[in-house]
Amino acid sequence: MDLKKYIHDIADFPKPGILFRDISPLLADKDAWRAAIKELAKLMAPHKPDMLAGIESRGFLVTAPLALELGIGFMMVRKKGKLPGTTIPHTYALEYGTDTIEIQSEPVRKGQRVVVLDDVLATGGTLAAAITLLRKAGADVRAAACIIELSALEGRKRLDLPFESLVQY
């Protein structure tokens with residue numbers, strides 16, 4: 001199935017000069033959405049994950065149904081202060097400043113095989129930070145995947161593990 005037909009281009013969003021790739025139509029079409037999840041499951045299953053990690057917030061939309069398809073759980077990678085209980089933080093550099101992401105400490109076990117997911121890979125900074133954070137927590141991060149890869153931004157180069165995307169622009 002050609003998933004690009006279900007991804008719309010929105011000019012000047014969220015600000016002038018940005019071309020936003022909107023997955024809302026993909027999410028709204030049950031057949032296209034099912035095809036996307038089935039394809040991600042096929043690509044991620046060989047990595048034998050024990051757990052999936054989804055990056056806030058659209059990454060949760062990808063990770064939750066994929067975890068069900070693979071028969072495993074998922075944990076959330078969120079911005080600082082959004083998770084209850086004991087968390088493990090990681091601060092990373094942005095183009096202008098820094099940001100901090102966190103995971104809850106309970107779902108992570110030392111040596112646990114984890115695959116990280118988000119909706120889009122752009123520059124790769126957040127995905128690389130999530131991988132570093134999970135490794136810091138003791139996870140064996142096996143792979144990463146996104147629905148969309150913005151290839152011209154070369155985010156894949158920031159990743160030191162297998163990466164898959166369903167659609168490339």
Side-chain angles (χ1 to χ4, degrees), residues 14 18 20-21 23-24 26-27 33 36-151 153-167:
I18 302 290
F20 184 76
R21 306 291 184 172
I23 64 168
S24 298
L26 175 66
L27 298 171
W33 185 227
I37 295 302
K38 294 278 187 192
E39 182 62 21
L40 281 170
K42 187 170 84 176
L43 293 170
M44 294 300 102
H47 299 287
K48 299 180 176 20
D50 300 311
M51 176 78 68
L52 300 181
I55 298 173
E56 183 174 336
S57 65
R58 288 186 304 267
F60 300 164
L61 300 172
V62 178
T63 310
L66 182 58
L68 285 174
E69 181 71 22
L70 294 173
I72 59 178
F74 96 93
M75 68 179 86
M76 297 178 284
V77 178
R78 298 206 65 187
K79 293 182 187 226
K80 184 178 179 176
K82 300 282 186 172
L83 291 170
T86 304
T87 60
I88 302 168
H90 176 67
T91 300
Y92 63 103
L94 298 169
E95 192 172 341
Y96 301 104
T98 61
D99 203 356
T100 301
I101 55 174
E102 297 178 323
I103 57 172
Q104 290 176 306
S105 58
E106 294 83 20
V108 184
R109 294 184 319 273
K110 187 170 177 57
Q112 185 175 40
R113 295 182 308 265
V114 176
V115 168
V116 186
L117 295 119
D118 204 354
D119 65 325
V120 176
L121 176 68
T123 63
T126 303
L127 192 53
I131 292 164
T132 299
L133 170 58
L134 289 157
R135 286 177 176 159
K136 183 166 103 175
D140 175 10
V141 185
R142 297 287 182 97
C146 294
I147 294 174
I148 298 170
E149 178 180 4
L150 304 177
S151 302
L153 298 177
E154 299 184 327
R156 183 183 287 254
K157 289 183 176 180
R158 295 184 73 171
L159 309 178
D160 63 353
L161 46 63
F163 173 78
E164 299 285 348
S165 58
L166 300 183
V167 177

I want to check something: taking the side chain as every heavy atom from C-beta on, are Tyr92 and Thr132 in contact at a cut-off of under 4.5 Å?
no
In Å and rounded to the nearest 0.5 Å, what is the CZ to CG distance from Arg58 to Leu117?
14.5 Å
Please report the shortest heavy-atom distance between Leu133 and Val77, naming the atom on each side.
CD2-CG1, 4.5 Å
Could you grab the distance from atom CG of Leu83 to atom CD1 of Ile101, nearest 0.5 Å is fine?
10.5 Å
After noting the C-alpha distance and the side-chain angles of Leu43 and Leu166, does the key distance pass the side chain to side chain contact (heavy atoms under 4.5 Å, CB included) rule?
CA-CA 9 Å; Leu43 293 170; Leu166 300 183; 3.8 Å; yes
Could you tell me which non-hydrogen atom of Phe163 sits nearest to which non-hydrogen atom of Leu127, and how far apart they are?
CE1-CD2, 3.9 Å
Any side-chain heavy atom of Pro49 sitting closer than 4.5 Å to one from Ile72?
yes
Report yes if the side chains of Val114 and Met51 come closer than 4.5 Å at any heavy-atom pair, otherwise no.
yes
Side chain to side chain contact (heavy atoms under 4.5 Å, CB included) partners for Ala41, two or more places apart:
Leu66, Glu69, Leu70
Can you find a pair of side-chain heavy atoms, one from Lys80 and one from Glu102, that are under 4.5 Å apart?
yes
Measuring from atom CZ of Arg158 to atom CG of Leu153, what distance do you get when rounded to the nearest 0.5 angstrom?
11.0 Å
Specify the closest pair of heavy atoms between Ala137 and Ile88, including all atoms of both residues, with the distance to one decimal.
CB-CD1, 3.6 Å
Check: Gln104 and Met75 side chains under 4.5 Å, non-hydrogen atoms:
no
I want to check something: taking the side chain as every heavy atom from C-beta on, are Leu61 and Asp119 in contact at a cut-off of under 4.5 Å?
no
What do you reckon, is NZ of Lys136 surrounded by more than 12 foreign heavy atoms closer than 6.0 Å?
yes
Which pair of heavy atoms, one from Leu134 and one from Ala53, lies closest together, and at what distance?
CD1-CB, 3.7 Å
When you measure from the side chain of Glu164 to the backbone of Leu40, do you find a donor-acceptor pair of N or O atoms at a distance under 3.5 Å?
no
Identify the heavy atoms of Thr100 and Pro89 that sit nearest to each other, and give their distance.
CG2-CB, 4.0 Å
Out of curiosity, Ile37 CD1 to Leu68 CG, how far, rounded to the nearest 0.5 Å?
9.5 Å
Mark yes when over 12 heavy atoms from residues, nucleotides or ligands other than Arg135 sit less than 6.0 Å from its CZ; otherwise mark no.
yes
dist Ile23:CD1 -> Ile147:CD1 (nearest 0.5 Å) comes out at 4.5 Å
Under 4.0 Å between a side-chain nitrogen and a carboxylate oxygen: does that hold for Lys82 and Glu56?
no
Kindly compute the distance separating OG1 (Thr86) from CD1 (Ile103), expressed to the nearest 0.5 Å.
12.0 Å
Considering non-hydrogen atoms only, spot the tightest contact between Pro14 and Ile18 and give its length.
CD-CG2, 3.8 Å
Under the salt bridge (Lys or Arg N to Asp or Glu O under 4.0 Å) rule, collect the residues that match up with Asp140, sequence neighbours excluded.
Arg142
Contact check, side chains of Ile148 and Leu150, non-hydrogen atoms, under 4.5 Å:
yes
With a 4.5 Å heavy-atom cut-off, do Phe74 and Pro107 have their side chains touching?
no
